[in-house]
Participant: 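One structure is given below, represented as C-alpha cells, and several questions about it will come after.
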Amino acid sequence: MATGLSFFKLSFLLSLLSGGSDLLAPDAESGVAQIGKFPPSCNRIECPSYELVHSGNGYEIRRYNTTVWVSTEPIPDISLVDATRTAFFQLFAYIQGKNEYHQKIEMTAPVISQVSPSDGPFCESSFTVSFYVPKQNQPDPAPAENLHIQKWNPRYVAVRQFSGFVSDDSIGEEAAALDSSLKGTAWANAIEKSKEDGGVGSDSAYTVAQYNSPFEFTGRVNEIWLPFELDV
C-alpha cells in the first residue's frame with residue numbers, strides 16, 4: 001500500500017488521469033474559459049517552459065522549447081477518462097522506478113492526452129497519454145516496457161484554458177471552442193498547413209493538458225493544445 005509521498009503522488013496522478021473523482025464537487029468556475037492563468041501546480045512542481053507569442057480572443061499562442069515525454073502506446077477507447085485510467089498504472093509505475101534504470105522520477109505537470117477522435121459517436125478513438133520528463137532526466141530518459149519516449153523539437157501551440165475537472169463531455173466542446181476562436185487567423189492557416197504537410201500536430205486532432213492535484217477545488221487549470229509548425 002502506498003504511504004507518505006507515494007500516496008500523495010498516487011492520489012495526484014489518479015485524479016489527473018481519471019478526470020477527478022465522482023466524490024469531488026467541481027469548482028464554481030467549472031467550464032469557464034480563461035486566458036493566461038498560471039497553473040498553480042507549476043509553483044510547486046516542474047512544468048515545461050514556453051514563450052508567450054500572442055494573446056487572442058479565447059486563445060493564446062505559445063512557443064515551447066525542446067521537451068521530452070514518456071508516453072503510452074495508443075489506447076483505443078470511446079472515453080478519454082477511461083483511457084487515461086488504463087494509462088495511469090503504467091505511467092505511475094514508471095516514475096516509481098519500474099523502468100530499465102530502476103530510477104524514481106520526480107512528479108511534473110501537465111499530464112497530456114493526445115486525442116485522435118473516431119469517425120462516429122460510438123466508435124473507439126485513440127489516446128496517447130504522457131508525462132513530461134524532468135529536465136534532469138531528459139538527456140537520458142529511462143526506457144520502459146510498453147512505453148516510449150517522445151522528443152519534441154521546438155514547436156508552437158495554440159492553447160485554450162478551461163477550469164473544473166476534465167470530463168468526456170467537456171473536452172470536445174472546449175476543442176471546438178478553440179477551433180472556432182482561431183478561425184480566420186494566420187494561426188489557423190499555420191495549423192492546417194502543418195497537418196496537411198504531416199508535421200507537428202498531424203498525428204492527433206488535439207491534446208488535453210491537466211495540471212492540478214485533486215485537493216485543489218478552486219483555481220483549476222486545464223488546457224486544449226493544438227501544436228503546429230510555423231515557417232519564419
Participant: V111 and Y132: side chain to side chain contact (heavy atoms under 4.5 Å, CB included), yes or no, with the steps?
Facilitator: CA-CA 7 Å; V111 172; Y132 170 63; over 6 Å; no
Participant: Side-chain contact test, heavy atoms from C-beta onward, threshold under 4.5 Å: evaluate it for S170 versus F165 and give yes or no.
Facilitator: no
Participant: Are the side chains of E60 and L52 in touch, meaning some heavy atoms are under 4.5 Å apart?
Facilitator: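 Side chain of E60 against side chain of L52, heavy atoms only: contact under 4.5 Å found.
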Participant: Which heavy atom in L182 sits nearest to a heavy atom in W187, and how many Å separate them?
Facilitator: CD2-CB, 4.1 Å
Participant: Would you give the length of the straight line joining atom CG of D82 to atom CZ of F127, rounded to the nearest 0.5 angstrom?
Facilitator: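 D82 CG to F127 CZ: 9.0 Å, rounded to 0.5 Å.
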Participant: Run the side chain to side chain contact (heavy atoms under 4.5 Å, CB included) test against N65 and tell me which residues pass, sequence neighbours left out.
Facilitator: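 Checked N65 against side chain to side chain contact (heavy atoms under 4.5 Å, CB included); matches are S49, R63.
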Participant: Which pairs, with at least one residue in residues 175-186 and sequence neighbours excluded, count as a salt bridge (Lys or Arg N to Asp or Glu O under 4.0 Å)?
Facilitator: D179-K183
Participant: Could you name each residue pair satisfying salt bridge (Lys or Arg N to Asp or Glu O under 4.0 Å) that touches residues 132-154, not counting sequence neighbours?
Facilitator: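 Checked against salt bridge (Lys or Arg N to Asp or Glu O under 4.0 Å) - neighbours excluded - no pair reaches residues 132-154.
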Participant: Is S194 reaching over with its side chain to a backbone N or O of I191, donor-acceptor style, under 3.5 angstrom?
Facilitator: no
Participant: Provide the closest heavy-atom pair for Q161 versus E223 in the form atom of the first, atom of the second, distance.
Facilitator: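 Shortest heavy-atom separation between Q161 and E223 comes out as NE2-OE2, 2.9 Å.
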Participant: Determine whether I75 and I149 fall in the same hydrophobic cluster, where Ile, Leu, Val, Met, Phe, Trp and Tyr are linked whenever their side-chain heavy atoms lie under 4.5 Å apart.
Facilitator: no
Participant: Does Y211 reach the side chain of C42, with side-chain heavy atoms less than 4.5 Å apart?
Facilitator: yes
Participant: Do you know which two heavy atoms are closest between G199 and S202, and how far apart they sit?
Facilitator: O-OG, 2.7 Å
Participant: Please report the interatomic distance OG1(T84) to CD1(I112), rounded to the nearest 0.5 Å.
Facilitator: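 That separation rounds to 13.0 Å.
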Participant: Side chains of Q114 and Q150: any donor to acceptor distance under 3.5 Å?
Facilitator: yes
Participant: Just how far is it from atom OG1 of T66 to atom CZ of R155, taken to the nearest 0.5 Å?
Facilitator: 9.5 Å
Participant: List the steps, then state whether side chain to side chain donor-acceptor pair (under 3.5 Å) holds for E73 with H148.
Facilitator: CA-CA 7 Å; E73 295 302 320; H148 64 278; 3.2 Å; yes
Participant: Are the side chain of Y94 and the backbone of A142 linked by a donor-acceptor contact shorter than 3.5 Å?
Facilitator: yes
Participant: Taking the side chain as every heavy atom from C-beta outward, state whether I224 and V208 have any atom pair closer than 4.5 Å.
Facilitator: yes
Participant: Could you tell me which non-hydrogen atom of R62 sits nearest to which non-hydrogen atom of V53, and how far apart they are?
Facilitator: C-CG2, 4.2 Å
Participant: State the CG-CD distance between N222 and E174, to the nearest 0.5 angstrom.
Facilitator: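 Taking CG in N222 and CD in E174, the distance rounds to 8.5 Å.
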Participant: Taking the side chain as every heavy atom from C-beta outward, state whether V157 and Y50 have any pair of such atoms under 4.5 Å apart.
Facilitator: no
Participant: Between I95 and I45, is there a shared hydrophobic cluster once you connect ILVMFWY residues whose side-chain heavy atoms come closer than 4.5 Å?
Facilitator: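 Same cluster: I95 reaches I45 through Ile, Leu, Val, Met, Phe, Trp or Tyr contacts under 4.5 Å.
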Participant: In Å and rounded to the nearest 0.5 Å, what is the CD1 to CD distance from I105 to Q136?
Facilitator: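 Rounded to the nearest 0.5 Å, the CD1-CD separation comes to 9.0 Å.
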Participant: Using modelled atom types and a 3.5 Å cut-off, is there a donor and acceptor pairing between side-chain atoms of N99 and backbone atoms of A144?
Facilitator: no
Participant: If we ignore hydrogens and angles and just use 3.5 Å, is the side chain of S71 paired with the main-chain N or O of S130 as donor and acceptor?
Facilitator: no
Participant: Sequence neighbours left out, what pairs pass salt bridge (Lys or Arg N to Asp or Glu O under 4.0 Å) with at least one residue falling in residues 164-173?
Facilitator: none
Participant: Give the intermediate values and the outcome of side chain to side chain contact (heavy atoms under 4.5 Å, CB included) for residues I61 and F228.
Facilitator: CA-CA 10 Å; I61 304 297; F228 64 98; 4.1 Å; yes
Participant: Any donor and acceptor pair, going by atom type alone, linking the side chain of K195 with main-chain N or O of G201 inside 3.5 Å?
Facilitator: yes
Participant: Check whether any side-chain heavy atom of P110 lies under 4.5 Å from a side-chain heavy atom of P48, and answer yes or no.
Facilitator: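 Yes; the side chains approach each other to less than 4.5 Å.
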Participant: Quick one: sort the W225 and W69 rings into parallel, tilted or perpendicular, breaks at 30° and 60°.
Facilitator: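 Answer is perpendicular, since the angle exceeds 60°.
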Participant: Do V115 and S204 have side chains that approach each other closer than 4.5 Å (heavy atoms only, starting at C-beta)?
Facilitator: no
Participant: Quick check: closest heavy atoms across T72 and L147, and the distance to 0.1 Å?
Facilitator: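 Reported closest heavy-atom pair: CA-CD2, 3.8 Å.
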Participant: How would you list, by chain and number, every residue that makes a side chain to side chain contact (heavy atoms under 4.5 Å, CB included) with S181, sequence neighbours excluded?
Facilitator: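 Listed in chain order: Y59, L178.
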Participant: Please answer whether the main-chain N or O of S79 pairs with a side-chain N or O of D77 as donor and acceptor at a distance below 3.5 Å.
Facilitator: yes
Participant: Can you tell me how far apart CG (D197) and CD (E229) are? Round to the nearest 0.5 Å.
Facilitator: 8.0 Å
Participant: How far apart are the closest heavy atoms of V133 and N137, and which atoms are they?
Facilitator: CG1-CB, 3.6 Å
Participant: With sequence neighbours left out, write down each residue that passes side chain to side chain contact (heavy atoms under 4.5 Å, CB included) with S126, or none if nothing qualifies.
Facilitator: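 Here the qualifying residues are P74, S116.
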